[in-house]
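The structure appears right after this line, and notes come after that.
Residue numbers count from 1 along this sequence. Order of listing sets the numbers, starting from 1, for every ligand and every atom in it.
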Amino acid sequence: MPRPRLLVLSLGGTITMTASAGGGIMPTLGAAELVAAVPGLVEVAEIEARSPLKVGSASLTLENIAEVAADINAAFAQGFDGAVVVQGTDTIEETAFALDLLVRDARPVVVVGAMRGAQQPGADGPANLLAAALVATNADARGLGTLVVMNDEIHAARFVRKAHTALTSAFVSDTAGPLGLVAEGRVRIFARVARPSLPALAAGMGALPPVALLKIAMGDDGRLLRAVPGLGFAGLVIEGAGAGHVPAAMADIVGEVAAGMPVVIASRTLAGPVFERTYAYPGSEIDLLARGALSAGLLTGVKARLLLTLALASGWNRDAVAGALSAYD
Ligand code: ASP
């Protein structure tokens, strides 16, 4: 039986890192070396390995990910059955969500990394890469959008989040839990999430509109918020406290900023929906929504920022942005 065709694209991250002369680890390995280091992987799929980048994932940009999405869409047009993107774990929750928005094919896209470097004892990269390849070539994983496979767990892009700096179990899916598991080489999908149907998003190949992300802390006096419009941003996501709240002293400024650009309210708790109709005090969710802010729904601030960026790049109006955000609520 012919093996499924799998594209493996490596962007860097701990999984590719080896000791550097000056101490510490640096991205050095490419996709072909990673694939060659995993016993059994060649039996899973016929792999085309490419290494467009070798960076720490905090240096990835949405423009980079738009190019990766274009490569994957082209590979699917050529008949590939799945794709694995190898990268650093620090920003996996963002890149996976961006790929979920930009690759709408039913064939699986799996993003994977490692918490331990390639030369560290107990390196988790090879096992994670094998599990990712098994998921990316499994028919049951079709239609679930982009997935993150880490520590043998399968997470949906919209829910997954890195929740620990060190543990191999660092990844959680708040709200939903993981969708499935890889054990004994078998992929089990326990839950399926519907992908919201969205108008087409076009990232293009140029620079994307800059969208700011601002986290609210107790006693914030609003000076950063007031500065946002003057800094050239095209939109703003506010990670508010609790169910989407800011200090009363900032409420007027939120309204002023929202009059000139889309402002989206997310929650810094990172789990649970932004409220719509509970609290009525100045700076509450009812107050901010009445002043023109939009709700991020269940999306975290970093994910809402990506959706808003791509929506602005695609020329969506305010209603279209609000509709897309509410599709994740
Ligand atoms: N700690 C990171 C990783 O897991 C570094 C990065 O995100 O590139 O790969």
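Residue-level proximity to ligand 1 for Ala114 is carried by the backbone, the only part with a heavy atom below 4.0 angstrom.
Looking at Met115 next to ligand 1, no N or O pair under 3.5 Å apart turns up. Note: an N/O pair closer than 3.5 Å links Thr89 and ligand 1 by distance alone.
Ring pair Tyr328/Phe97: centre-to-centre distance below 6.0 Å. Ring centers of His245 and Tyr281: under 6.0 Å apart, within the cut-off.
Just one residue in the list Val274, Asp174, Asp329, Leu325 forms a side chain to side chain contact (heavy atoms under 4.5 Å, CB included) with Leu298, and that residue is Asp329.
Counting the atoms of ligand 1 from 1 in the order shown, those under 4.0 Å from a heavy atom of Gly13 are 8 (O), 9 (O). Proximity to Ser57 (heavy-atom distance under 4.0 Å) selects the following atoms of ligand 1: 6 (C), 7 (O), 8 (O). Residue-ligand proximity, Gly56 to ligand 1, at heavy-atom distances under 4.0 Å covers atoms 8 (O).
The closest protein non-hydrogen atom to atom 1 (N) of ligand 1 is Asp90 OD1, 3.0 Å.
Between the choices Thr165, Ile15, Thr14, Asp124, the shortest heavy-atom distance to atom 9 (O) of ligand 1 belongs to Thr14.
How far CG of Asn151 is from OG1 of Thr168: 4.5 Å, rounded to the nearest 0.5 Å.
For Ser59, the heavy-atom gap to ligand 1 stays at 4.0 angstrom or more.
With sequence neighbours left out, the side-chain contact (heavy atoms from CB on, under 4.5 Å) criterion links Pro209 to Ala234, Thr309, Leu312, Ala313.
Closest non-hydrogen pair, Val35 versus Ala49, comes out as CG2-CB, 4.5 Å.
Residues Val187 and Ile189 are in side-chain contact: their nearest non-hydrogen atoms beyond the backbone lie under 4.5 Å apart.
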